[in-house]
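Read the structure below first, then the notes.
By convention in this document, chain letters (A, B, ...) are assigned in the order of the sequence lines, proteins followed by strands, and residues within each chain are numbered from 1.
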There are 2 protein chains.
Amino acid sequence: MPDDGARNGTAGTAAPGAPRPGRRPATTRDELTHLALELFAAKGFDATTVDDIAAAAGIGRRTFFRYFASKNDLPWGDFDERLEDMRKHFARIPDGTPLMEAVRIATIEFNRMPPAEVRYHRERMALLLRVPTLLAHSTLRFAAWRQVVAEFAGHRLGLPEGDLQPQAIAWAALGIALSAYEQWLDHEDSDLSELLDRSLCMLNSGFSSR
Amino acid sequence: MPDDGARNGTAGTAAPGAPRPGRRPATTRDELTHLALELFAAKGFDATTVDDIAAAAGIGRRTFFRYFASKNDLPWGDFDERLEDMRKHFARIPDGTPLMEAVRIATIEFNRMPPAEVRYHRERMALLLRVPTLLAHSTLRFAAWRQVVAEFAGHRLGLPEGDLQPQAIAWAALGIALSAYEQWLDHEDSDLSELLDRSLCMLNSGFSSR
DNA sequence: CACGCTAATGGCACCCAGTGCCAGAAGGAA
DNA sequence: TTCCTTCTGGCACTGGGTGCCATTAGCGTG
């Protein structure tokens with residue numbers, strides 16, 4: 001059995017929660033993520049073994065893999081829930097808004113974060129986009145992001161989401177967002193929202209103006 | 001194993017004779033790729049171990065890793081040389097050609113193949129884009145492709161290739177090409193060049209027309 | 001022919017990620 | 001206490017990938 005990680009940890013949020021039977025989880029995904037990120041920053045991603053992380057968390061190596069399917073998944077945090085937010089955001093965009101305009105807005109919104117978290121997010125994204133192993137793995141996560149965009153585009157165009165145009169839009173939007181992220185990481189003083197806005201406008205004008 | 005031919009290492013590039021000193025390589029990258037692709041088709045990528053491949057080729061496991069840095073690299077064949085071709089192709093495009101038009105043409109050209117190879121290429125690409133491990137790994141190869149496009153775009157725009165616009169163009173072009181590839185794989189009777197042409201035209205018009 | 005130079009091979013030990021199995025540990029409720 | 005449940009974590013095993021090093025195989029020269 002894949003033994004799929006993450007059950008009722010119920011990390012951050014309160015949720016006093018109905019007292020369930022059985023032994024309590026020894027830790028949470030959040031805790032492991034934080035801990036691991038510190039180790040990565042200190043020793044580097046590749047040099048940090050799962051044993052290191054488990055030891056630091058005071059759990060067994062085997063247990064670690066019940067919280068995360070792989071070491072690569074550690075930096076992704078609550079990505080899947082964020083995707084749901086984006087789906088909802090798309091749903092709230094007025095029908096009158098042009099398709100690519102909606103994509104632009106939703107993408108910017110998806111990547112908005114409180115100023116206090118900028119520093120943290122930057123570190124996380126630097127890991128994800130600059131450590132080759134993680135960059136490779138990220139492709140699989142990004143596929144889920146593309147899926148959300150393709151769903152919306154397909155809906156708007158009255159086409160199946162698997163058709164060329166919705167898929168092309170989703171792929172292009174992802175590519176554009178990643179190029180903006182790379183600029184953001186390269187330039188300490190840059191603003192992510194602005195970079196996303198600029199690059200998505202380029203996309204929407206077919207890179208014609210200069 | 002019939003390790004006949006495959007005399008000269010460095011198959012492909014010139015230097016027909018050039019009697020070098022030292023022991024002859026036991027096989028070639030090409031031979032290993034072919035062999036492996038057959039095994040993948042028969043047993044699946046994940047179920048085929050490096051030991052299987054090495055055994056089938058009649059070489060030691062250790063030797064395999066001197067021909068390919070990883071099992072994931074097997075299906076990529078001569079990709080790097082093909083990239084050089086694309087670089088040259090870009091260089092030959094007349095200066096009068098609009099930038100995005102040049103990108104469209106070069107992308108289509110890069111992905112052109114003799115009809116006899118279509119079947120083979122389809123199988124290879126299905127592996128690369130549908131086996132999760134390989135899809136993830138492919139990101140790293142695609143980075144090199146983007147680099148070629150970004151170089152050209154940067155050159156044309158008079159900007160460093162690392163700037164937002166060249167990078168955005170490269171990312172978008174890659175995304176578009178991949179969406180075309182997915183359609184091609186999904187529809188047995190489709191034509192890759194045509195799909196690339198259609199999706200790149202969409203890109204160049206900012207996905208505006210319908 | 002024997003020697004030395006060079007370039008490749010391949011066995012061995014080892015590291016690390018990830019998995020199946022299973023015997024417990026820890027909690028609530030009867 | 002006993003039962004039931006959930007989570008833990010040790011153990012053994014697979015498979016990719018690497019460092020080390022002795023060995024093999026070609027070539028040229030004395």
Side-chain angles (χ1 to χ4, degrees), chain A residues 1-11 16-29 31-32 36 39-40 43-76 131-134 136-137 140, chain B residues 1 3-4 6-11 15 17-29 31-32 36 39-40 43-76 131-134 136-137 140:
Chain A
M1 295 314 170
D3 221 347
D4 166 52
R7 54 217 66 243
N8 257 351
T10 49
R20 291 165 306 117
R23 182 175 179 170
R24 282 303 94 86
T27 182
T28 62
R29 287 173 58 93
E31 198 179 319
L32 287 177
L39 288 177
F40 294 161
K43 308 178 36 174
F45 180 80
D46 291 319
T48 306
T49 71
V50 171
D51 282 297
D52 292 339
I53 300 166
I59 63 175
R61 164 196 175 66
R62 189 64 185 82
T63 301
F64 170 87
F65 284 107
R66 291 209 181 82
Y67 283 82
F68 289 92
S70 80
K71 180 184 165 189
N72 293 334
D73 286 319
L74 271 170
W76 285 91
V131 175
T133 317
L134 289 174
H137 183 73
L140 308 176
Chain B
M1 286 309 111
D3 77 72
D4 76 74
R7 288 281 102 120
N8 288 339
T10 63
R20 290 164 308 118
R23 184 175 178 170
R24 282 308 92 84
T27 181
T28 61
R29 288 172 59 93
E31 198 180 319
L32 287 177
L39 288 177
F40 294 160
K43 307 179 39 176
F45 180 81
D46 290 320
T48 306
T49 71
V50 171
D51 282 297
D52 292 340
I53 300 166
I59 62 174
R61 166 197 175 64
R62 190 62 185 81
T63 301
F64 170 87
F65 283 108
R66 291 212 180 80
Y67 283 82
F68 289 92
S70 81
K71 181 183 164 189
N72 292 334
D73 286 319
L74 270 171
W76 285 92
V131 175
T133 316
L134 290 175
H137 182 73
L140 308 177

Between the side-chain atoms of A/R24 and the base atoms of C/dG28, is any donor-acceptor pair under 3.5 Å? no

Nearest-Å distance, CZ (B/F65) to P (C/dA8)? 19 Å

With a 4.0 Å limit, can you tell me whether A/T63 has a side-chain N or O closer than that to the phosphate oxygens OP1/OP2 of D/dG9? yes

Which nucleotide in the set C/dG18, D/dC11, D/dG17 lies at the smallest distance from any side-chain heavy atom of B/K71? D/dG17

Output yes when at least one side-chain N/O atom of A/R61 is less than 4.0 Å from OP1 or OP2 of C/dC16, else no. no

Specify the separation, in whole Å, of atom CG of A/N72 and atom C1' of C/dG18. 11 Å

Are B/Y67 and C/dA8 close enough that a side-chain N or O sits under 4.0 Å from OP1 or OP2? no

Between atom OG1 of B/T49 and atom NZ of B/K71, what is the distance when rounded to the nearest 0.5 Å? 7.0 Å

A/T48 near the nucleic acid: base, sugar-phosphate alone, or nothing, with a heavy-atom cut-off under 4.0 Å? sugar-phosphate

Between the side-chain atoms of A/R23 and the base atoms of D/dT8, is any donor-acceptor pair under 3.5 Å? no

Within a strict 4.5 Å, meaning less than it, do heavy atoms of the A/F40 and A/V131 side chains meet? no

Can you tell which of D/dG26, D/dT8, C/dG10 lies closest to the side chain of B/P21? D/dG26

Say whether, by atom type as modelled, one donor and one acceptor occur between the side chain of B/R29 and the main chain of B/Y67 under 3.5 angstrom. yes

For the pair made of CZ in A/F68 and P in C/dC16, what is the distance, rounded to whole Å? 21 Å

What nucleotide, of C/dA7, D/dT18, D/dC7, holds the atom closest to the side chain of B/R62? D/dT18

Euclidean distance, atom CZ of residue A/R20 to atom C1' of C/dA29 [Å, nearest integer]: 15 Å

In whole Å, what is the span from the CD1 atom of B/I59 to the P atom of D/dT23? 21 Å

CZ of A/F64 versus C1' of C/dT19: gap in Å, rounded? 14 Å

Return whichever of B/A69 or A/G22 has its heavy-atom-nearest nucleotide of DNA chain D closer to the 5' end. A/G22

Choose from C/dT9, C/dC16, C/dA8 the nucleotide whose nearest atom is closest to any side-chain atom of B/R66. C/dT9

I'd like to know if the side chain of A/R61 reaches the main chain of A/I59, judged simply by a donor and an acceptor atom lying under 3.5 Å from each other, with no hydrogens or angles considered. no

For A/G60, which contact category applies under a 4.0 Å heavy-atom criterion: base, sugar-phosphate, or nothing? sugar-phosphate

